[in-house]
Student: 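My questions all concern the structure below.
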Amino acid sequence: MSLFTSPLAEEIAPDLLDRFQRYVRIDTQSKRDGDVSPSTPGQLDLSRMLVEELKAFGLDDAELDDNGYVMATLPGTSNGGTPVVGLLAHVDTSPDAPGAGVEPIVHRAYAGGPIELPLNDTVLDPAKMPELAGKEGHDIVTSSGDTLLGADDKAGVAEIMAAVAHLAAHPELPRPTLRIGFTPDEEIGQGASRFDVERFGALCAYTMDGSTVGELQDETFTGAEAIITIHGVDVHPGFATGKLVNASRLAGRLLAALPAELTPEATSGRQGFIHVFEVSATAGRAVIRAIVRDFDEDLLERHIALLRAAAEEVVGGEPRARLDIDVRRQYPNMRSHIEPFPEIVEVAERAIRAEGIEPLRTPIRGGTDGSLLSSMGLPTPNVFTGGHEYHSVREWASVQDMAAAAATIVRLAEEWTKR
């Protein structure tokens, strides 16, 4: 018995897997605080490859612009009256775990139980990963255990490419004109910052950047980043009495003062959080970087105010220390920008059901390129890819689930011709 969601998914799967394995081997990690777009040259290596492959499909206008964005057009086959629809994924991978030298491993016909990877003592344990527990018989792709796999979001990239290749090879299949886009630097919050919505020219778009099969998401966190800098007074420790103000110790007190119940590991569902993701400190200077998230704008402001008040109280207790706080908005909740256009989500629901999957409507505890793009006038819900354990060396993806996502893209194209 086939574990694929449809014969179409099974047909697409070999090409999809080949592309995915090639793409993840290219180091495309983005870099925080970069001053160019894209922030790393490896992203351009993959983007150039994608342009050449798109041209080989017959998408002659495929191009890579100066900021690292790929755009291309697959002309429609329907008799007019259909809108231009976009498909988007990001080429970069997270800087949160090692990303160079990825060697994908395909674990054919997964038998269940823990998957022990060859490096770094990394184990994928279904007892701790409920999604993996239901994938017996699937072909599971992992890294070697010491790097990211890169399914976030090269699963989405491969799915779009495999679906477009299939559509281009089958002009008898109904489809609207499709605009294809691949973005850089999504993982550092810059993926849509230089995206030319007008040049893209679509009524709407879909990011292939979700996880669990069936996910269709039109709501995200609203996000902000806070950079807290504590300036102490450094001096030789042998002469420090009454003179030293240790910024490292002040940073430690601030971290301890933040509420434990307002962290990612202690929250779920629609609860927001403050997440300290990086601390660099010496006696003279400490820098704390945190992201602040919530679905509700007012609650986000409260979290920011709490963080600011805690920092001011801790550092204010030492008059010789100095505090700088820089809060930067990253992306908005996409919901209010998509709600006026319900058909965009309804068409995607029909496509997912056409692939034999029940849509899973959950808000994203994070953001996508669609968060900012929707606010820029391009309503962009998010669709599943089949990847899991993102931003870690335990990242994995099911070939069958990725194929279901690629097949859903083909169904999506057809559904847009039925409106």
Side-chain angles (χ1 to χ4, degrees), residues 2-26 28 45-60 62 70 72-75 77 87-91 93 102-110 135 137-143 149-175 178-182 206-210 213 351-352 354-357 383-387 396-414:
S2 174
L3 294 174
F4 288 95
T5 48
S6 70
L8 173 61
E10 189 167 8
E11 179 184 352
I12 291 174
D15 178 53
L16 167 66
L17 178 58
D18 175 71
R19 294 181 188 281
F20 182 62
Q21 289 178 292
R22 287 192 287 110
Y23 299 162
V24 298
R25 286 186 167 95
I26 301 173
T28 61
D45 294 337
L46 177 53
S47 294
R48 292 188 189 102
M49 177 188 293
L50 296 174
V51 167
E52 293 306 309
E53 292 181 6
L54 288 164
K55 288 182 176 179
F57 301 161
L59 280 63
D60 297 331
V70 174
T73 308
L74 180 66
T77 59
L87 298 169
L88 297 168
H90 63 89
V91 299
T93 57
V102 175
E103 285 296 331
I105 300 172
V106 182
H107 306 263
R108 297 285 183 180
Y110 170 54
K135 299 303 177 186
H138 284 228
D139 301 317
I140 305 298
V141 189
T142 70
S143 73
L149 173 61
D152 182 13
D153 184 31
K154 290 171 187 174
V157 174
E159 289 155 9
I160 291 173
M161 293 295 286
V164 171
H166 182 84
L167 287 166
H170 293 276
E172 74 279 6
L173 296 177
R175 65 174 187 254
L178 296 174
R179 281 288 275 166
I180 315 304
F182 297 113
Y206 299 88
T207 48
M208 301 300 297
D209 194 17
V213 167
I352 292 170
E355 186 52 28
I357 303 166
V383 179
F384 71 94
T385 66
W396 62 275
S398 156
V399 174
Q400 283 79 1
D401 291 350
M402 289 192 291
T408 295
I409 294 172
V410 177
R411 311 286 187 192
L412 183 69
E414 181 178 0

Student: Do Leu173 and His166 have side-chain heavy atoms sitting under 4.5 Å apart?
Tutor: yes
Student: Set out, in order, the CA-CA distance, both residues' side-chain angles and the distance that settles side-chain contact (heavy atoms from CB on, under 4.5 Å) for Phe57 and Leu74, then state yes or no.
Tutor: CA-CA 9 Å; Phe57 301 161; Leu74 180 66; over 6 Å; no
Student: Say you draw a straight line from CD1 of Ile105 to CH2 of Trp396; how long is it, rounded to the nearest 0.5 Å?
Tutor: 15.5 Å
Student: Determine the minimum heavy-atom distance between Leu46 and Lys154, stating which atoms define it.
Tutor: CD2-CE, 3.9 Å
Student: Is there a side-chain contact (heavy atoms from CB on, under 4.5 Å) between Leu87 and Leu412? Walk through the geometry before answering.
Tutor: CA-CA 10 Å; Leu87 298 169; Leu412 183 69; 4.2 Å; yes
Student: Under 3.5 Å, is there a donor-acceptor pair between the side chain of Lys135 and the main chain of Gln400?
Tutor: no
Student: In chain order, what residues pass the salt bridge (Lys or Arg N to Asp or Glu O under 4.0 Å) check against Glu103, with sequence neighbours excluded?
Tutor: Arg25
Student: List the atom of Leu54, the atom of Ala72, and the distance in Å for their closest heavy-atom pair.
Tutor: CD1-CB, 3.9 Å
Student: Give a yes or no answer on whether the side chain of Thr77 reaches the backbone of Arg175 with a donor-acceptor pair at less than 3.5 Å.
Tutor: yes
Student: Is there a side-chain contact between Val410 and Ile12 (heavy atoms, below 4.5 Å)?
Tutor: yes
Student: Test your reading of the model: is there a side-chain donor-acceptor pair from Thr73 to the backbone of Arg179, 3.5 Å cut-off?
Tutor: no
Student: Between CZ of Phe182 and CG of Leu88, what distance do you get to the nearest 0.5 Å?
Tutor: 8.5 Å
Student: Who are the ring pair (Phe, Tyr, Trp, His ring centres under 6.0 Å) partners of His138, not counting sequence neighbours?
Tutor: none
Student: Does any non-hydrogen side-chain atom of Phe384 lie less than 4.5 Å from one of Ile357?
Tutor: yes
Student: Among residues at least two apart in sequence or on other chains, which ones pass side chain to side chain contact (heavy atoms under 4.5 Å, CB included) with Ala13?
Tutor: Phe4, Val399, Ala403
Student: With no hydrogens and no angle check, just 3.5 Å: does a side-chain donor-acceptor pair link Glu355 and Thr5?
Tutor: yes
Student: Show me the pairs that pass salt bridge (charged side-chain N to carboxylate O under 4.0 Å, His left out) and involve residues 155-167, at least two apart or across chains.
Tutor: none
Student: Can you name the nearest heavy-atom pair linking Thr385 to Gly210, along with the distance?
Tutor: OG1-O, 2.8 Å
Student: With sequence neighbours excluded, tell me which residues meet salt bridge (Lys or Arg N to Asp or Glu O under 4.0 Å) with Asp152.
Tutor: none
Student: Which pairs would a plain distance check flag for residues 14-22, meaning a side-chain donor or acceptor within less than 3.5 Å of a matching protein atom at least two apart in sequence or in another chain?
Tutor:
{"residue": "Asp15", "atom": "OD1", "partner": "Arg19", "partner atom": "NE", "Å": "3.2"}
{"residue": "Asp15", "atom": "OD1", "partner": "Arg19", "partner atom": "NH2", "Å": "3.4"}
{"residue": "Asp15", "atom": "OD2", "partner": "Arg19", "partner atom": "NE", "Å": "2.9"}
{"residue": "Asp18", "atom": "OD2", "partner": "Arg22", "partner atom": "NE", "Å": "3.3"}
{"residue": "Arg19", "atom": "NH1", "partner": "Glu53", "partner atom": "OE1", "Å": "2.9"}
{"residue": "Arg22", "atom": "NH1", "partner": "Glu53", "partner atom": "OE2", "Å": "2.7"}
{"residue": "Arg22", "atom": "NH2", "partner": "Glu53", "partner atom": "OE2", "Å": "3.3"}

Student: Restricting to non-hydrogen atoms, name the atom on Gly156 and the atom on Ala89 that form the minimum distance, rounded to 0.1 Å.
Tutor: C-CB, 3.8 Å
Student: If you look at every heavy atom in Ile180 and Ile160, which pair is closest and at what distance?
Tutor: CG2-CG2, 3.8 Å
Student: Just verifying a value: how many Å separate Leu50 CG and Met161 CE, rounded to the nearest 0.5 Å?
Tutor: 5.0 Å
Student: Give me the atom names and distance for the closest heavy-atom approach of Ala151 to Ala397.
Tutor: CB-CB, 4.3 Å
